[in-house]
Q: 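Got a structure here, written out as structure tokens. Questions coming.
The structure displayed is predicted, hence computed values, not measured ones. Hydrogens, waters and symmetry mates play no part in the numbers below; they use all other heavy atoms, side chains included. Numbers for residues simply follow the sequence, beginning at 1.
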Amino acid sequence: MARLFSIRKYLPFTYKMMIPYLVLVLITDIVIGYVSYGMLVKSRTEVAETGIRAALEQTRNNADYRMTEIQRISDQLFGNLAFQQALQRHGDRLDMYYTMIDDIYPQLDAPLDLYGSPIRLTLYAVNPDIGEAGKQSANETPITKSEFFVQSFASLKNRIWFQELQADRKDNNVWIQSDTDHKLDNVSHLRKLVSFSDYQTVIGYIRITVNFDGLLSNLTKYPEEQGLGLRVIDRSNNEVLYSRTPFAASKSDAAYLNLREDLDETPFAIEIQVPHEYLNKDAKRLQLTLGLICAISFIVMGAIGFAVAALSGRRMKRIVSHVRSFQDGNLERRLMMSGNDEFVLIAHSFNNMASSIQNLIQDVYKQGIQRKQAELEALQAQINPHFLYNTLSTISSLNNLGKTREVTEMAKKLSRFYRLTLNNGQVLIPLHKELEQVQAYLDIQKVKYADSFKVYVDMEPEVSEVRIIKLLYQPFVENIFKHAWFGDTIAIRLTAKRVGNDLELKIIDTGIGMQQETINKVLRSTMQSNTYGFKNVEDRIKLRYGPEYGVQMASVYGGGTTVRLLLPIQTEASELSDETSYPEIKERK
């Protein structure tokens with residue numbers, strides 16, 4: 001409350017006078033915008049609803065016309081005497097071939113060219129002498145073009161839906177959905193063909209199949225994502241024959257506009273369900289426009305008021321500028337104001353706070369640098385005594401065996417190894433120096449193991465001078481001799497290559513490997529153990545380069561182990577900084 005009272009106390013009088021003016025402008029803009037929006041919503045909704053009704057009526061007329069055309073095609077084939085005679089003709093294969101080519105195929109093909117949309121016309125012939133044309137599975141594929149097929153009546157009479165139609169005496173001149181019609185959004189017209197000689201003998205069936213999308217093309221152009229529901233139902237049983245978008249369970253007039261048109265030539269009806277949100281979509285764009293106009297009006301009037309108020313707020317702007325600069329990390333700037341008002345008090349307090357924070361950050365940052373350096377040195381120191389102990393133990397064993405030459409050779413190589421390891425106290429060394437240090441270690445092992453192991457080094461020339469923290473290879477190579485030796489010989493491969501902006505180091509051996517539970521135990525370990533050298537190297541890498549870098553391990557029991565080290569590319573020495581200045585403070589979001 002005290003802080004709020006203080007803000008109100010120093011609110012400029014010009015701003016106080018401007019507030020009622022801005023409130024009046026805002027109320028005026030809201031009233032005008034609300035009234036205009038209501039009128040436009042009503043107008044646009046009526047226009048959209050009229051358009052949808054007209055599209056539904058036009059679609060109904062178009063579907064009636066197309067279904068009438070299909071009915072006319074079936075009537076034409078039913079009343080074609082030459083076509084009927086050809087269907088009842090018998091003869092040898094050659095005669096029947098010519099009959100189909102000359103008298104049947106042309107009668108089936110002619111209607112296809114006259115109908116505007118793709119349809120599929122299938123003739124089921126009772127006459128066994130009439131050969132089949134087209135695939136039996138044609139009705140299982142979508143209709144992409146107008147085509148006809150000739151099939152045996154035997155392929156039709158055993159179908160359940162056909163037997164049900166025959167039992168109900170509804171197998172003539174009927175619109176149905178059969179086989180895969182419902183799945184493919186098709187509908188078929190089935191017509192029985194009888195002989196003109198007695199009007200009793202069935203000589204075949206004509207089935208004309210059309211896709212609902214072709215019948216409802218005027219409505220299917222509306223985008224589905226707008227939520228427009230479209231379906232075709234059978235009026236006799238309210239069965240849904242075609243649905244492009246699921247209808248909402250609630251048909252409330254407050255949420256949807258529900259329209260229906262019956263198809264006169266069929267027992268079908270077209271239903272459409274339109275969300276009022278779709279009807280109002282154009283009005284929403286106008287709402288945005290009106291809102292933008294009102295906002296611009298308010299902003300312009302507000303800008304005029306703020307321009308006047310800014311004449312008396314220059315000192316506050318200076319304070320805000322320095323506070324933002326302070327937030328961005330620039331603690332060097334100071335507020336210099338003269339006078340005896342409250343702004344001078346704010347400037348003095350701000351300057352004292354900036355100086356105190358600057359000194360505090362310097363102290364904390366220096367302590368962090370020193371702690372990080374100490375941790376790195378402590379981790380570095382864990383490796384050398386352990387290796388020295390093992391090597392001196394080996395020298396002692398060789399001396400007890402009287403192998404003075406090997407003792408002398410190992411002592412020399414040990415001296416060279418530590419000369420390379422110390423590296424004049426530098427933490428970062430070039431990669432090729434690291435490999436030299438590993439080679440010195442391997443030379444020591446050769447005294448003990450002779451030629452029982454092979455070492456292969458594969459380093460890309462471009463990464464030779466990349467600087468890394470020392471003693472990354474050696475702990476893992478040492479672990480190979482301690483834990484991975486399997487059989488009489490072992491092979492070791494050391495690789496180094498660039499991967500994007502990072503450096504990838506690998507230590508690969510053909511030793512006994514590790515089981516998965518052993519790997520998991522090593523990866524989960526929080527102890528600074530030299531058993532595998534993993535934790536030590538992992539901690540040094542993360543401490544130096546960050547948590548996104550480190551060590552990965554993969555192994556096949558009985559097939560060897562691969563250790564992968566990922567480091568950033570550094571081509572210049574970058575020892576831990578000793579500077580006492582604080583880092584740049586990033587702006588808080």
Q: With a 4.5 Å limit on heavy-atom distance, are the side chains of D509 and N479 in contact?
A: no

Q: Centres of the Y473 and Y441 rings: under 6.0 Å?
A: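 No, they do not, as the ring centres are separated by 6.0 Å or more.
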
Q: Just verifying a value: how many Å separate I429 CD1 and L471 CG, rounded to the nearest 0.5 Å?
A: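 CG of L471 is found 7.0 Å from CD1 of I429.
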
Q: Can you tell me which residue among I492, I490, T561 is in a side-chain contact (heavy atoms from CB on, under 4.5 Å) with T510?
A: I490

Q: For the residue pair W485 and Y449, does the interplanar ring angle fall in the parallel (under 30°), tilted (30 to 60°) or perpendicular (over 60°) class?
A: parallel

Q: CG/L567 to CG/D502 distance, rounded to the nearest 0.5 angstrom?
A: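 Reported value, rounded in 0.5 Å steps: 8.5 Å.
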
Q: Where is the tightest heavy-atom contact between L431 and A496, given as atom of each residue plus distance?
A: CD2-CB, 3.5 Å

Q: Do K470 and Q437 come within less than 4.5 Å of each other through their side chains, counting heavy atoms only?
A: no

Q: Grab the two heavy atoms, one from I519 and one from S555, that are nearest each other, plus how far apart they are.
A: CD1-CB, 3.5 Å

Q: Mind checking the CD-CG spacing from E538 to L543? Nearest 0.5 Å is all I need.
A: 11.5 Å

Q: Considering non-hydrogen atoms only, spot the tightest contact between I512 and H483 and give its length.
A: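 That would be CG2-O, 3.8 Å.
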
Q: Rounded to the nearest 0.5 Å, how far apart are CD1 of I468 and CG of L503?
A: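 One gets 6.5 Å once the value is rounded to the nearest 0.5 Å.
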
Q: Can you tell me how far apart OG1 (T562) and CE (M553) are? Round to the nearest 0.5 Å.
A: 10.0 Å

Q: Just do the side-chain contact (heavy atoms from CB on, under 4.5 Å) check on V466 and R498 with the steps written out, would you?
A: CA-CA 10 Å; V466 173; R498 186 186 187 108; 5.9 Å; no

Q: Can you tell me if K506 uses its side chain to pair, donor with acceptor, with the backbone of R564 under 3.5 Å?
A: no

Q: Return yes when atom CZ of R493 has more than 12 non-hydrogen atoms of other residues, nucleotides or ligands closer than 6.0 Å, and no otherwise.
A: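 Counting neighbours around CZ of R493, 12 or fewer heavy atoms of other residues, nucleotides or ligands fall under 6.0 Å, so no.
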
Q: Ion pair present between K497 and E460, side-chain N to carboxylate O less than 4.0 angstrom?
A: no

Q: For a 4.5 angstrom cut-off between non-hydrogen side-chain atoms, does K535 reach D539?
A: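 K535 vs D539: side chains touch.
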
Q: Do Y557 and T518 have side chains that approach each other closer than 4.5 Å (heavy atoms only, starting at C-beta)?
A: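 Of all side-chain heavy-atom pairs linking T518 with Y557, none is under 4.5 Å.
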
Q: Please confirm whether the backbone N or O of T144 pairs with a side-chain atom of R120, one donor and one acceptor, at under 3.5 Å?
A: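 Absent.
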
Q: Please say whether more than 12 non-hydrogen atoms of neighbouring residues, nucleotides or ligands are located less than 6.0 Å from CG in N352.
A: yes

Q: Side-chain contact test, heavy atoms from C-beta onward, threshold under 4.5 Å: evaluate it for Y545 versus I469 and give yes or no.
A: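 Touching, per the 4.5 Å side-chain cut-off.
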
Q: Identify the heavy atoms of S146 and P118 that sit nearest to each other, and give their distance.
A: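 Closest approach of S146 to P118, heavy atoms only: OG-CA, 3.3 Å.
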
Q: When you compare the side chain of L442 with that of F453, does any pair of heavy atoms fall below 4.5 Å?
A: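 F453 vs L442: side chains touch.
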
Q: Answer yes or no: is there a donor N or O on one side and an acceptor on the other, between the side chain of N211 and the main chain of D185, under 3.5 Å?
A: yes

Q: Say whether, by atom type as modelled, one donor and one acceptor occur between the side chain of E434 and the main chain of L472 under 3.5 angstrom.
A: yes

Q: Working to the nearest 0.5 angstrom, can you tell me the gap between I293 CD1 and T289 OG1?
A: 6.5 Å

Q: So do the side chains of V477 and Q445 get within less than 4.5 Å of each other, counting heavy atoms only?
A: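 They are not in contact (no side-chain heavy atoms under 4.5 Å apart), so the answer is no.
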
Q: Looking at every non-hydrogen atom in both residues, tell me the closest pair between V25 and F298 and how far apart they are.
A: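 Closest approach of V25 to F298: CG1-CD1, 4.1 Å.
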
Q: Answer yes or no: is there a side-chain heavy-atom contact under 4.5 Å between I507 and I480?
A: yes

Q: Tell me the closest heavy-atom pair linking G550 and K542, and the distance in Å.
A: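 Of all heavy-atom pairs spanning G550 and K542, the closest is CA-NZ, 4.4 Å.
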
